[in-house]
Amino acid sequence: MIKTYLYDHQTDTMHTNISLKNSNRHLEDPDNLLWIDAYDVQSHELDEIAGIFDFHPLAIEDCLHDSPRAKVDDYDAYKFFVFHALRYNEESDNEITTLELNVFLGPNYVVTIHKHKLRWLGQMDAICSRSSRFMNQGADFLLYALADGITDEYFPVLDRIGIRIEELEDEMYSEGVKEVTEEFLALKRTIILIRRVILPQRRIFLNVNGKWKFDIKEENVPFYTDLIDHLERIVDSTETFRDLVNSALDTYYSIISAKSTEKLNVLTIISTVMLPLTFVTGFFGMNLPIPYADSPWTTAGVSVLLVLITFGMWHYFKNKLF
């Protein structure tokens with residue numbers, strides 16, 4: 001599916017479903033802006049788009065295959081970006097999956113290519129169909145709107161992760177070892193994946209010595225500064241969550257170790273108490289002639305002795321160990 005949106009600068013109006021064959025004619029005015037959104041397209045459709053804008057074959061190849069990390073490639077007439085959005089499903093075996101968005105940024109056009117539906121692009125589709133809100137400030141502002149919308153979708157995921165960490169901190173005192181351990185490991189995998197996705201994405205928009213990696217109009221710089229702030233907050237949150245999970249996991253293992261030690265101490269005390277009892281009963285149970293062995297008073301005396309030994313050792317361990 002290919003959708004087109006054209007902002008006509010002279011009339012300050014939006015047009016949709018523009019024919020790709022007429023794209024170059026609309027781009028003759030440098031103040032116009034054309035956005036082409038290609039969703040789940042075939043290779044021949046990509047070749048058609050590439051032919052119109054003279055995209056490099058390597059960039060088109062990147063669009064056909066998932067890229068493991070966000071990046072920006074600098075070509076002479078345009079920039080090629082790879083972004084990653086998140087899809088979060090807590091009930092799935094793979095809680096976090098990444099959805100790739102490829103963006104070609106030209107002087108007065110933007111081409112987005114993606115294999116999966118992206119919620120923010122769906123909202124932009126509805127807005128751009130009737131308003132020039134995202135397209136009347138240049139191609140760089142449209143790129144900001146795309147990146148900012150994807151970035152904002154990280155925050156609900158991070159909020160849910162924070163809640164899950166708090167829930168785990170309460171559950172680790174009562175839930176079973178297997179369930180809590182699996183939940184901790186799932187959280188660690190999720191946080192690691194978010195960091196792996198967001199760190200390259202942040203580097204795209206960092207400026208070095210006040211220079212950006214692509215042209216940004218002066219009036220749009222504050223928007224990108226705000227975008228960087230959002231990305232920094234996400235990175236900081238993932239680092240905080242990583243430390244919290246590691247700390248909680250260490251605490252949980254300490255609790256498990258303490259419980260195991262306590263159980264071992266109880267078993268050791270029971271074994272220690274039983275040792276003299278076993279010795280006494282074994283001694284009097286030998287098949288040897290023992291004086292007064294047949295007397296009922298001997299049996300009573302041995303029973304009292306066993307009780308006294310048990311009580312004495314219990315009293316001793318209670319005062320020394322507990």
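Numbers here are sequence positions counted from 1.
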Is there a side-chain contact between [X] and [Y] in this structure, where contact means two heavy atoms from C-beta onward sitting under 4.5 Å apart?
| X | Y | result |
| --- | --- | --- |
| Met124 | Leu146 | yes |
| Leu143 | Phe81 | yes |
| Phe83 | Thr98 | no |
| Phe80 | Val103 | no |
| Leu46 | Cys63 | yes |
| Leu33 | Leu6 | no |
| Met14 | Arg130 | no |
| Phe155 | Arg233 | yes |

Consider only side-chain heavy atoms of I, L, V, M, F, W and Y, link residues closer than 4.5 Å, and tell whether [X] and [Y] are in one cluster.
| X | Y | result |
| --- | --- | --- |
| Leu185 | Leu244 | no |
| Phe141 | Trp212 | yes |
| Phe53 | Leu58 | yes |

Contacts of Arg160 meeting salt bridge (Lys or Arg N to Asp or Glu O under 4.0 Å) (sequence neighbours excluded), chain-then-number -> Glu90, Glu167
Any residue meeting salt bridge (Lys or Arg N to Asp or Glu O under 4.0 Å) with Lys188, in chain and number order, not counting sequence neighbours | none
Mind listing the closest non-hydrogen atom pair of [X] and [Y] along with its distance?
| X | Y | value |
| --- | --- | --- |
| Cys128 | Thr16 | O-CG2, 4.5 Å |
| Pro107 | Ala77 | CD-O, 3.7 Å |
| Ile204 | Ala70 | CD1-CB, 3.9 Å |

Would you call the rings of [X] and [Y] parallel, tilted or perpendicular if under 30° counts as parallel and over 60° as perpendicular?
| X | Y | answer |
| --- | --- | --- |
| His9 | Tyr7 | perpendicular |
| Phe205 | Phe214 | perpendicular |
| Phe104 | Phe55 | parallel |

Sequence neighbours left out, what pairs pass side chain to side chain donor-acceptor pair (under 3.5 Å) with at least one residue falling in residues 59-72?
-> Asp62-Lys71, Lys71-Asp73
Could you list all the side chain to side chain donor-acceptor pair (under 3.5 Å) pairs where at least one residue sits in residues 107-116, not counting sequence neighbours?
-> Trp35-Thr112, Asp37-Thr112, Asp37-His114
Evaluate side-chain contact (heavy atoms from CB on, under 4.5 Å) for Asp226 paired with His230, printing each intermediate quantity in order.
-> CA-CA 6 Å; Asp226 182 69; His230 289 180; 3.3 Å; yes
Quick one: does any side-chain atom of [X] pair with a main-chain N or O of [Y] as donor and acceptor, under 3.5 Å?
| X | Y | value |
| --- | --- | --- |
| Thr151 | Ala147 | yes |
| Thr238 | Val235 | yes |
| Thr190 | Ala186 | yes |
| Glu153 | Leu86 | no |

Apply the test side-chain contact (heavy atoms from CB on, under 4.5 Å) to residues Ile150 and Gln201: give CA-CA distance (whole Å), side-chain angles for both, the deciding distance (0.1 Å), then the verdict.
-> CA-CA 11 Å; Ile150 290 175; Gln201 212 146 287; 4.3 Å; yes
Worked verdict on Val157 versus Ile194 for side-chain contact (heavy atoms from CB on, under 4.5 Å) | CA-CA 10 Å; Val157 177; Ile194 294 177; 4.1 Å; yes
For Glu232, check side chain to side chain donor-acceptor pair (under 3.5 Å) against everything at least two apart and list the hits.
-> Arg202
State which residue, out of Trp120, Tyr5, Tyr39, fulfils the side chain to side chain donor-acceptor pair (under 3.5 Å) condition with Asp125.
-> Tyr5
Around atom CG of Asp215, are there more than 12 heavy atoms of other residues, nucleotides or ligands at under 6.0 Å?
-> no
Determine which pairs satisfy salt bridge (charged side-chain N to carboxylate O under 4.0 Å, His left out) with at least one residue from residues 138-148, sequence neighbours left out, and list them in order.
-> none
Measure the CG-CD1 distance between Leu168 and Ile163 for me, rounded to the nearest 0.5 Å.
-> 12.5 Å
OG on Ser237 to CD1 on Ile198, rounded to 0.5 Å = 10.5 Å
Walk me through it: do Lys217 and Gln137 pass the test side-chain contact (heavy atoms from CB on, under 4.5 Å)?
-> CA-CA 9 Å; Lys217 294 180 180 178; Gln137 301 183 55; 6.0 Å; no
